[in-house]
K.L.:
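What follows is a structure written as structure tokens; I'll ask about it next.
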Amino acid sequence: MSQIHGQPGAPRRRRRVLPWVPVALLLLVVLELAVIIAVGRRIGALWTIVSLVALSVAGVWLLRREGARAMRALRTSARTGEMPSRALADGILVLVGGLLLVLPGFVTDVVGLLLVLPFTRPLARPLLEAGIRRRVFGDLGVIRVRTATHRDGRSRRDGPDPGDEVVEGEIVD
């Protein structure tokens, strides 16, 4: 058993989510089939198949275009020394959205389109960041910081205590 699995809460959370993955996938397949049948009844079987193929081809094209754009942004961030968190998040969203666009189905195409398009991606980015934050920092617990106070009860934010010794210095690299 590794250190991570030994932390409180980690195994329990994984046990709660894991059994639901096959159920969610089954529900997605049932939903996709219901939507495809409904669209087929509305516009006909041939046009439904043509629409599904056209959406998959458009998804591949959009994935290549937006994926290349996300990679350029990642390279630019790395070259300028910036933290590439936004470029990484966009890359993940484009990858997941592109995979959803390639899968046959109208529901996955709509979700994939929302993840791939540059003007709707910022709506999904906070959800991705919250999920990553929960996975990475969820097992660390809460860190509480207490504000230091002066001897007379004033907060350190109110200014230095007149009795404190101040040492001036300079940072040299």
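Side chains are part of it too, since the values below use all heavy atoms of this structure and drop only hydrogens, waters and symmetry mates. Just so we're clear, the structure is a prediction, and the values are computed from it rather than from any experiment.
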K.L.:
Is there a chain of hydrophobic side chains (I, L, V, M, F, W, Y, each step under 4.5 Å between heavy atoms) that links Phe119 to Leu114?
P.N.:
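Looking at the clustering, Leu114 is in a separate group from Phe119.
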
K.L.:
Looking at every heavy atom in both Leu93 and Arg121, which two are closest together, and how far apart are they?
P.N.:
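The answer is CD1-CG, 3.6 Å.
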
K.L.:
Hey, is the main chain of Val107 close enough, under 3.5 Å, to the side chain of Glu32 for a donor-acceptor pair?
P.N.:
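Looks like yes, one N/O pair under 3.5 Å.
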
K.L.:
Is there a path from Leu103 to Val111 through hydrophobic residues (I, L, V, M, F, W, Y) whose side chains come within less than 4.5 Å of each other?
P.N.:
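Leu103 and Val111: one cluster.
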
K.L.:
Please check if the side chain of Ser77 supplies one atom and the backbone of Glu82 the other of a donor-acceptor pair under 3.5 Å.
P.N.:
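Here the side-chain-to-backbone pair does not exist.
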
K.L.:
For Asp109 and Leu100, run side-chain contact (heavy atoms from CB on, under 4.5 Å): C-alpha distance rounded to whole Å, both residues' side-chain angles, the deciding distance at 0.1 Å, then the answer.
P.N.:
CA-CA 6 Å; Asp109 286 342; Leu100 290 174; over 6 Å; no

K.L.:
In residues 41-52, what donor-acceptor pairs under 3.5 Å come from side-chain atoms, sequence neighbours left out?
P.N.:
from: Thr48; atom 1: OG1; to: Gly40; atom 2: N; distance (Å): 3.3
from: Thr48; atom 1: OG1; to: Gly44; atom 2: O; distance (Å): 2.7
from: Ser51; atom 1: OG; to: Trp47; atom 2: O; distance (Å): 2.7

K.L.:
How long is the straight-line distance from CZ of Arg125 back to CG of Leu128, given to the nearest 0.5 Å?
P.N.:
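Reported to 0.5 Å precision, the distance equals 9.5 Å.
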
K.L.:
Any chance you could measure Leu27, atom CG, to Trp20, atom CH2, to the nearest 0.5 Å?
P.N.:
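Those atoms lie 9.0 Å apart.
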
K.L.:
Find the distance between CD (Glu129) and CZ (Arg86) and round it off to the nearest 0.5 Å.
P.N.:
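Here the interatomic distance stands at 10.0 Å.
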
K.L.:
How long is the straight-line distance from CG of Leu62 back to CG of Leu113, given to the nearest 0.5 Å?
P.N.:
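It is 6.5 Å, given to the nearest 0.5 Å.
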
K.L.:
Hey, what do you get for CG (Leu101) to CG (Leu115), rounding to the nearest 0.5 Å?
P.N.:
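Atom-to-atom, Leu101:CG and Leu115:CG are 8.5 Å apart.
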
